[in-house]
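Take a look at the structure below.
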Amino acid sequence: MPEIIFWPLDVAYTIIDGVPYVEMWAITDKNERVIILDGSFRPYFYVVPREGADLETLQIKIRKLNGVKATEIVEKSFLGKKVKVIKVTCLNPNLVPNLRDTVKKFPDVDMYLEADIRFYMRYLIDNDIYPCRWYIVDATQLKGPAWEKYKVDGVYIANERPREIKKEAIPNVKILAFDIETYSKIGTPDPKRDPIIIIAVATSDGDVKLFTVNEDKDDKKIIEEFVKYIQEYNPDIIVGYNSNRFDWIYLVERAKINKVRLIVDRKGGTPHPSVYGHQSISGRANIDLLDYAEGLYEVKVKTLKNVAEYLGVMSKKERIIIPQSEIADYWDDNTKRPLLLEYAKDDVVSTLKIAELALPFIVELSRLVGLTPDQILAASVGFRVEWYLMRQAFKENELVPNRIERAHETYPGALVFEPKKGLHKNVVYMDFASMYPSIIIKYNIGPDTYVPPYEEIDRNEVWICPEFGHRFRKEPPGLYKKALSKLLSARKEIREKMKSLQEGSVEYKLLNNRQLAIKVIANATYGYAGWTGARWYMKPVAEATTAWGRQTILTAKEIAEKLGLKVYYGDTDSLFLEYDPEKIKKFEEMVESELGLDIKADRIFKAIFFTEAKKRYAGIDTNGLLEITGFEVVRGDWAEIAREVQEEILRYILENENVDGAIKYVRKVIKDLQERKIPYDKLVIWKTLSKSLEEYKARAPHITAARILEEKGYHVGPGAQIGFVITKGSGILAERAKPYQFAKYDEVDIDYYINKQIIPVALRILSAFGVTESDLKTERRQVSLTDFF
DNA sequence: GCCTTGAAGTTACCG
DNA sequence: ACCGGTAACTTCAAGGCG
């Protein structure tokens, strides 16, 4: 019988003759696309009996229910306690919700568990199968017309459960990027009104194609062409930018209007909404790269152009930029239409390039967490951590708690020390390696190791946290400890191995993405533990973690002081110390011996600047690299010109201590502003809406701008980034804000930009050197500051 | 009626 | 739909002063 070596890409299930079959869409080592069906698995859930209930009787009673295939009394552990529960196996997945509700009403039943885990995920977890890893299975090919409708090279039925094999390389995936342009004269395009005029596609095999409508703007034809193209190219991965919230929704709607069947999957179906708010396309991975961009916090305004520019796949200079509102005009104008086509092509090509760049990371995250590549980016960080934990729990025979709704609870967090303001020389930045994960591991913190106050226990058997006195069993290791130990040691091992590899080699990059994926999950675990929506949430767990964190950084600070090291600043797990190599070495040793945690020198600053404000500093390191943290420079909600000015000032100060130069520079910018020599784009202020417009109580500039957009027919909801400028006039700012698309440079209130953008960011830095507002605004200097230092 | 002050509302950052 | 700590802005109402 043939053995198939495969790499699962998408997983679902299907019912054949009343039997549920898990459907693994995969790529084989022979570069074939296959479906592996496994009908040997059934859904199940657990029933926790009430205290004193007779398990045998209860089991028999449950077994008699319609739809129950089998019951079994099993020993599991639940939040650290051994429990006997009844495993209820059902005939098929859609019977589970009713059965669990029925059983819940039995007087002897306390609760059910794990009844909300999707059938195909259940299969993956129980068989330790991860998407994007390699497996081998003995399977038989299914022949006949029924299987030929699938867009694959073969459909197989597994004769056994797949086994993982050691194989690393990502198979040769076929990627298709697409992007649509619509003909909309006003506001947000409306699929009921506005046809699609261009569908652009680009593939990883190098094909770029534009499907365009004729003069009648009848998009039926191009949608059909697009569908045909997808079917013929048969991609494994389809990518778009904002495609889950826009392109797919639009296409589905236009297809419906035009009575076109949008068959783009491998099964004869259309895109359909799925668990994490994304669109699912059976047999393929549909990935929205906007979800990837959400993780690129350096990119403030998440347009495709900005992301492409940031990732270096296509610079803004080499591409045509057309405002969304002008697309229809470009289409109508015969001389401009070629530019629009060029624009559409640039968009789809950059989308493809971003996908190629992001894919190795997406694959690593998917194979670590166990969600499919289309789900992994769409799922929020909390759910990614949770799926990782659920996999670990299964391996440890731990039951997964139900998701319950809890009101938000607060608890104290990290310590931030008062910075020593001014410019300092020779400062070392030190931080604890993975502080919260290390603390959780060290003190075995977790909901399953927690000992409640009423429980008596020998104090030698528990770790007791500072401030609150929460107690955690030293043994056995809890779920968090086990999961985090595994993550940290795996990451350490990978980073060790990377040292022996050529930077830039295929293997190096693969391992780098792997360690990054691990880092993301490990770093989010503490946050997960304090999230009231988490299955494994428990307030004392979060409280204890930060309490030990505070103790840790405070102790480290005291050790530094005892050694006579100046402490300039510190936040959560870091300290900025005077750089005295010998004392620093001693400091590292003492911290290690007193706390059992690693603190190490990360970077040495030739000069570093603090104001009185916490969480804000700027320094220049021994490599001449500028580091700017917290200041307006790194904030997306200041005009670009203000950010640029502040960065330049910091350069003057940190590189040459040139206060006079900085002052002259600011005056020059103010003059340029007054002469309107500064590009309009640099005056735009961006803010993100956090809720729908009706929910706002306050008046504020960005809200006004958003309301104007809404009036003009744009849909602006939570998450929308609003770009606005402040115009001249007499009222409050909120009355003078206008969306940047609808304001003229002439109307812009230059005084606002000088007084409320440039001056404040400049003084934030320069006032530490005695510079005043009038120094920046007038040509006269009251006192020379050259000798300030 | 004008000016100051502080609270409330809001956003985006740090680690 | 991951945490708390923090800076900073705009608006607005209350309080002080005359």
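Throughout, a chain's letter reflects where its sequence line sits, starting with A, and its residues are numbered from 1.
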Atom pair distance, as rounded to whole Å: OH in A:Y436 and P in C:dG5: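 Checked: the OH to P distance equals 9 Å.
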
Gap between atoms NZ and P, on A:K687 and C:dA8 respectively (whole Å): 14 Å

Would you please confirm or rule out a distance under 4.0 Å between OP1 or OP2 of [N] and any side-chain N or O of [X]?
X: A:Y696; N: B:dA8; result: no
X: A:K615; N: C:dA8; result: no
X: A:R384; N: C:dA1; result: no
X: A:H702; N: C:dT11; result: no
X: A:T572; N: B:dC14; result: no
X: A:R550; N: C:dG4; result: no
X: A:T525; N: C:dC2; result: no
X: A:Y411; N: C:dG5; result: no
X: A:R699; N: C:dT10; result: no

Pick base, sugar-phosphate or nothing for [X], based on heavy-atom distances below 4.0 Å to the nucleic acid.
X: A:K614; value: sugar-phosphate
X: A:A700; value: nothing
X: A:G413; value: sugar-phosphate
X: A:E409; value: sugar-phosphate
X: A:Y752; value: sugar-phosphate
X: A:V385; value: nothing
X: A:G533; value: nothing
X: A:R635; value: base
X: A:R403; value: nothing

Classify the side-chain pair [X]/[Y] by whether it contains a donor and acceptor separated by less than 3.5 Å.
X: A:E418; Y: A:Y569; result: no
X: A:D288; Y: A:W248; result: no
X: A:K486; Y: A:Q392; result: yes

If you only use heavy atoms from C-beta on, which nucleotide in B:dT10, C:dT10, C:dA8 is closest to the side chain of A:S690?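 For the A:S690 side chain, the nearest candidate turns out to be B:dT10.
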
Closest to the side chain of A:W531, out of C:dC2, C:dT10, C:dC12, is C:dC2

Hey, is A:K305 close enough to A:E309 for a salt bridge, meaning N to O under 4.0 Å?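 A:E309 and A:K305: not salt-bridged.
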
Sub-4.5 Å side-chain heavy-atom contact between A:R471 and A:W463: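 A side-chain contact is absent here, since even the closest heavy-atom pair is not under 4.5 Å.
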
